[in-house]
Amino acid sequence: MVSQSTTSSVPVAGVAERDRPGAGEQVLDAVARSWRPVVLLLACLVLWWVITAAELVEAYLVPSPAKTLQVMSDKAGYIWHHTWITTYETLLGFVIAAIVGVLAAVLMVYSSSIERTLYPVLLFAQVIPKVAIAPLLVVWLGFGLAPKVVVAVLIAFFPVVISMVTGLKAVDPEMIQLSATMGAGPLQTFSKIRFPASLPHLFSGLKVAVTLAVTGAVVGEFVGANEGLGYVIQQANGNLDTPMLFAGLLVMSLIGVVLFVLVEFAEKLLLPWHASRRGAAVTTTY
Amino acid sequence: MVERSEGTGKEAGRGGSVRLEDVAVRFRTKKKDVTALRDVSLDVAEGEFVAIVGPSGCGKSTLLKLVAGLLKPSSGSVRLREEPVTGPRNDIGYVFQRAALLEWRSARRNILLQAEMRRMPADRSRRRTADLIAMTGLAGFEDAYPHELSGGMQQRVALCRALLHEPPVLLMDEPFGALDALTREQLNIELNRIWRETRTTVLLVTHSIAEAAYLANRIVVMTDRPGTIAEVIDVDLPDERDYATTMARPEFARATGRIRDLLGAASAAD
């Protein structure tokens, strides 16, 4: 793999030219690709500003952008602390969901009796509204970190399992037969063929899971917490402190976006072959 | 050719490299039992090139899978290099119609998959890979990924992968079926050369009558469901075959003519 970067710089006749633009081109490319959403976001901001500046809505219902930013900078320490708590719960829940989800998927693919046993239970766990069981979790696990992480795991687990099962089952059956003619054991077939082949599917599941994990953590905080952005929003709500409410919402969405982009970045790093096949698809955010 | 000098050995001589005796394969579906193969007996000598032709769905691929041990016969016996086939065999090379390459591996590393699975010594597999890349005209494409390669190039990689461990028997299931006519011709010429150089026993399933006659020593013509062997045709051509000259020879015309008669008769009987 190391030698590849040196040899592939010389284009070979017959090999499709690889798309590796220079740094300047990359910046231009990024701008060309991202100006539309940026313009749309700015338009929303302007609309927000117009509504508040023209006093179309009472100031205590919708604070102005300036007011919201003011709160964010005034109480930066306070917001930062709670943001970190929520991020930590989200990440912990996401990582546990990813590990447990992948393991469950592997078990289910390799044993049909486990699959038949687990699948209905999983589906059942998925259809229970997490908001409804969050209070129960707080009763059981207290006000600390645990119930938030559990809700995040419960909510993020399902897409991971489903995508991983799909990925592991989508492997070309001829590839598996070929592996048998190579004298490969089940472990080798798994590590060299099945697992890597399932990664593109897994990553689409992980992208969904990471955004859901944020929701899970915040739902957990809503029900009973003295820390985290969910708590911040609850407090602000109680005090009719809409600027703080808006600030909390903004930061919360930012966590989701940043984590999503990080997972996507990891995907590009780990599966360059997949990203290059997919090309400049619309599903990439950066 | 280390493996070939031992095991079956010289004393086995023209003894069977592949031997099928009264083989039948029946699949049980929900509605009915389907007989895919019936009364199939075939002897393939060591170093021989045998092509199998027949209408679609006549069980040609099933036959190869039996030899590889990927499928068990319902009755009859299958022997590979004097040993009964009981499960997947690893003393073969297998090439499918689709190249079945791993997209995350470069051409070279796709070929080396064979070595990794078999835990071959690294220096030997690396040398062998380099030889095969040169032999199949893949030089310059070693570091390309499958999606960067044309169909012909992908199939060359699959062929290298199948030949890496110097298998005594090479099984090919319509390996050039998805390629354009020109690429197919090129690969036919290359396969003939590779076969002469390696002296591997080859079983080739194909839809192309010309391909079968150009490459094989013997051609097995099969009938439609249930698949049986209609006739085995000897091709009286030297092993070294120039493409254009071979096509123009009377032996070639005789072989292809006979196949057409048989396959025509098979479809007319429907």
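Remember, predicted model here, so these are calculated numbers, not experimental data. Each chain gets a letter, A, B and so on, in the order the sequences are listed, and its residues count up from 1.
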For B/D173, what residues pass the salt bridge (Lys or Arg N to Asp or Glu O under 4.0 Å) criterion, not counting sequence neighbours?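 In terms of salt bridge (Lys or Arg N to Asp or Glu O under 4.0 Å), with neighbours along the sequence ignored, B/D173 is linked to no residue.
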
Looking at B/L113, B/I92, B/D91, which one has more heavy-atom pairs under 4.5 Å with chain A than the rest?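 Most heavy-atom pairs under 4.5 Å with chain A: B/L113.
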
As an exercise: rank B/R119, B/M153, B/R105 by heavy-atom pairs under 4.5 Å with chain A and give me the winner. B/R119

Checking heavy atoms, do the side chain of A/I193, its backbone, both or neither come under 4.5 Å from chain B?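 Both parts, heavy atoms under 4.5 Å.
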
Please look at B/E142 and chain A and tell me whether the side chain, the backbone, both or neither of the residue comes under 4.5 angstrom of a heavy atom of that chain.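 Answer is neither: B/E142 stays 4.5 Å or more from chain A.
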
Turns out that what part of B/L70 lies under 4.5 Å from chain A's heavy atoms comes down to side chain

Using every non-hydrogen atom in the two residues, find where A/A152 and A/A217 come nearest and quote the distance to one decimal. CB-N, 4.0 Å

Applying side chain to side chain donor-acceptor pair (under 3.5 Å) between B/H165 and each of B/R124, B/R118, B/R128, report the one that passes.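 Exactly one option meets the side chain to side chain donor-acceptor pair (under 3.5 Å) with B/H165, and it is B/R118.
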
Under 30°, 30 to 60°, or over 60°: which ring-plane class applies to A/Y110 and A/F190, parallel, tilted or perpendicular? perpendicular

Does B/R127 come within less than 4.0 Å of B/D131, counting only side-chain N to carboxylate O?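 Salt bridge absent between B/R127 and B/D131.
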
